[in-house]
Every structure is written in structure tokens, then in C-alpha cells.
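Working notes for the structure below.
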Protein chains: 2
Amino acid sequence: MNDPDFPRRIRDAGGRVTAARVAVLRCLAATEEPLTPDEVLERLAQTAGPVPDRVTIYRAIEWLAAHGLVRQLATVGRAARYEAVEDRETHAHFQCRGCGQTRCLPAPPPPLPPLPIGYVAERVELVIHGLCAACRAGERR
Amino acid sequence: MNDPDFPRRIRDAGGRVTAARVAVLRCLAATEEPLTPDEVLERLAQTAGPVPDRVTIYRAIEWLAAHGLVRQLATVGRAARYEAVEDRETHAHFQCRGCGQTRCLPAPPPPLPPLPIGYVAERVELVIHGLCAACRAGERR
DNA sequence: GGTCTTTTTGCCATTTTATTGCATTTTTAC
DNA sequence: GTAAAAATGCAATAAAATGGCAAAAAGACC
């Protein structure tokens, strides 16, 4: 498991420890599925304490992403989705074309194809497009 | 190689053959890299003939995607990106975190991880996040 | 704890990307 | 050529994200 001391992780990254950053990081770390900024806001709104402004959420996520505590996923939806960076095993992302939901799946790390010269790879992401159980049941067949 | 008879492919998909659909499909098929709707519009604007409205481009892409002639990629950028569906060899997508550009790379098809029951996979996409040669040179090191 | 400096936040306005409604035009079948 | 169905253009609207700036909070120092 990862160190759940979010304030320390933020301080170690060289930033100020603010309520918004801690709340956003905790929210993303506590969630199974990657969330959009608005989904983070919704969840924080249901928690005790003051709710940060939407713009603050965006900026907190931006800062967390720039400092490697959170990462943005490749998605087909309109809104960006983020997940906390944990050192759990590698995983892929399933994305439902029906409801747009994204969820993590355990998966071995895929092989890295050769890149053009001068290019550097920093991360490899496997995205499985398809239909989730609920959406499949909902489609007329 | 693929059949370049775009009107026929559109008719075979069960739709009307319109100038906008043919132009959008041809544009995407003629381009190395996946394009955003606005990039498609830019390119069509530089071509001879009447330029379709932006909304028409959106709707043409939507129709083409719904009928399997075009597909939307998983991206981290703000705008959606599309590529023509060709039966060329499988490929991955490289996405530069500097300039946001997306390009195709030849790559073997990645293994499909097991899915939760009830889920169906329709496509697997491999996304390599990193820096392109130009952006890497631009970053201070 | 009090004071100072720097960073972050909240609010408002704005931009970018995408979607909807509806009258007009185009496509296709006959 | 004509009629029915579908697609388009235009204007308005929605959704997601960003920028500017004054007020507030965090951290460093005493």
C-alpha cells in the first residue's frame, strides 16, 4: 500500500499544503474509478467541511498532475479524467461507449513499440473500448 | 490497401452520400495523423469547393463514427480526435504532452486483459504518453 | 502568537469545444 | 420531374476549461 499521508506527499513535492489539494488528492486516492473534475467536486460537496470552488479544483488537479501525484487518462469523453498515482500493480482502463464510464482493470504492462528517433515515452496506457454489463443489457438486441 | 471509393463506402453503410461526408472521410483517410473536427474544417477550407459548416463537420463525423468508417481516439487533449478506419496493420498512438499532437505508430496488437463478466471489448487501444523530438529539444535540460 | 512574503483561493469573465432547434436545401426512390 | 426523407446552415445554448485580479491562507522568521 501507499503512504496515505497526503499532506506529506504534497509537501515533499515542493508545494504548500492546502485544504483543497489534500481533499482532491484524498478523493482521487479513495476512489476506484478515475474521476472528472466535476465528479471530484460533487464528492467533496457531500463531505464535511467547506467545499472548494470549481476553479480551485481544476487548479489543484493541475498542480497535482504537474507534480506526479495524479495523472490524466486518455479518454474519449468530453471531460478529462484523473486518477491518483499509486504504486499498485499495472492496470488498464476500460471505457464504456454507452455510459462513458471509465474503470481500471488489472492487466500486465503492454509491450512498448519502437518510437521515432528523438521521442521519449514516459508512460504506456492500455485503453479497452467496449460496453459495460449494464449498457449491454440496456441495448436492444 | 483500402477501397478509396468513399461514396460507395458511405452508401454501403446505409446513409446518403453527401458532399460533407465524403469530404470528411476523404480528409481523414488522406491524413497520417488523427485530426480534431476543427483541423478537418481547416483542411477542407484549403481545398477547392464549398466549405461545410462546422456543425455539419461534427454531424458528419458523428455519423461516420456511428457507422464504423471513422473512430474516435482516447486522448488527453481538450478536443476529440478521429481517424479513418482502414484495414492497415494494427498501430498504437503516441501523444506528446508538450504540443499535444497525436501520431500513429506501427505496433503489434496488445494482449486483451480479462474483463468483468458481462463486459464486452470492441477495440483495444495502446496510447504512449511522452515527448516528441521537437518538444524534447525545446525543454530546458 | 504576531508579522511579512509568497502562494493559493474565490469570483467573474472569457475561451474552447460540442450540441440542439428549426427552417431550408439536398438526396434518393419512384 | 416529383415527393418523402434526410442532411445542412445558422443561431442559440451547453459543457468544460482557462485567465485576471483582489482577498485570503500558508509558511518562515522572530
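Lettering of chains follows the sequences in order, A, B, ..., and the numbering in each one begins at 1.
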Whole-Å gap separating C1' (D/dT8) and CG (B/Leu44): 15 Å
Any protein N or O atoms within reach of nucleotides 28-30 of chain D? Criterion: under 3.5 Å, listing atom names and distances.
none

Between P of D/dA7 and CD1 of B/Ile61, the distance in whole Å: 16 Å
B/S/- contact track for nucleotides 25-30 of chain C, protein heavy atom under 4.0 Å: --BS--
side-chain hydrogen bond (donor to acceptor under 3.5 Å, both in side chains) evaluation trace for A/His91 with A/Glu86: CA-CA 11 Å; A/His91 63 284; A/Glu86 319 258 353; over 6 Å; no
Pair B/Glu32 + B/Arg103: basic N to acidic O under 4.0 Å: no
Main-chain N/O of A/Pro52 paired to A/Thr56 side chain as donor or acceptor, under 3.5 Å: no
Set out, line by line, the N/O atom pairs under 3.5 Å between protein and nucleotides 19-24 of chain C.
residue	atom	partner	partner atom	Å
C/dG21	O6	B/Arg59	NH1	3.4

Upstream residue (5' side of DNA chain C) when B/Thr36 and A/Ile57 are each assigned their closest nucleotide: A/Ile57
Euclidean distance, atom CG of residue A/Leu64 to atom C1' of C/dT8 [Å, nearest integer]: 13 Å
Distance-only donor-acceptor pairs under 3.5 Å for side chains of residues 16-25 of chain A, two or more places apart:
residue	atom	partner	partner atom	Å
A/Thr18	OG1	A/Arg21	N	3.3
A/Arg21	NH1	A/Arg16	O	3.0

Show me the donor-acceptor pairs within less than 3.5 Å that the side chains of residues 122-134 of chain A make with the rest of the protein, sequence neighbours left out.
residue	atom	partner	partner atom	Å
A/Glu122	OE1	B/Arg97	NE	2.9
A/Glu122	OE2	B/Arg97	NE	3.4
A/Glu122	OE2	B/Arg97	NH2	2.8
A/Arg123	NH2	A/Gln72	O	2.8
A/Glu125	OE1	A/Ala74	N	3.2
A/Glu125	OE1	B/His129	NE2	2.7
A/Glu125	OE2	A/Ala74	N	3.4
A/Glu125	OE2	A/His93	ND1	3.0
A/His129	NE2	B/Glu125	OE1	2.7

Interatomic distance where CZ belongs to B/Arg81 and C1' belongs to C/dT16 [whole Å]: 14 Å
Pairing of A/Arg8 and A/Asp12 as salt bridge, 4.0 angstrom limit: yes
Any donor-acceptor N or O pair under 3.5 Å, side chains B/His67, B/Glu62: no
Donor-acceptor contact below 3.5 Å, side chain B/Glu42 vs main chain B/Glu39: no
Nearest-angstrom distance from the residue atom CG of B/Asp38 to P of C/dA18: 7 Å
Which residues share a salt bridge (Lys or Arg N to Asp or Glu O under 4.0 Å) with A/Asp53, sequence neighbours left out: none
Heavy-atom check, side chain of B/Leu115 versus side chain of A/Phe94, under 4.5 Å: yes
Nucleotide nearest A/Ala80 (side chain, heavy atoms from C-beta), chosen from C/dT9, D/dA7, D/dA17: D/dA17
Length of the CG-P vector between B/Leu41 and C/dT17, whole Å: 12 Å
Salt bridge present between A/Glu33 and A/Arg81 (N-O < 4.0 angstrom): no
Euclidean distance, atom NE2 of residue B/His67 to atom C1' of D/dA6 [Å, nearest integer]: 12 Å
For atom CG of A/Asp53 and atom C1' of D/dA24, their distance in whole Å: 14 Å
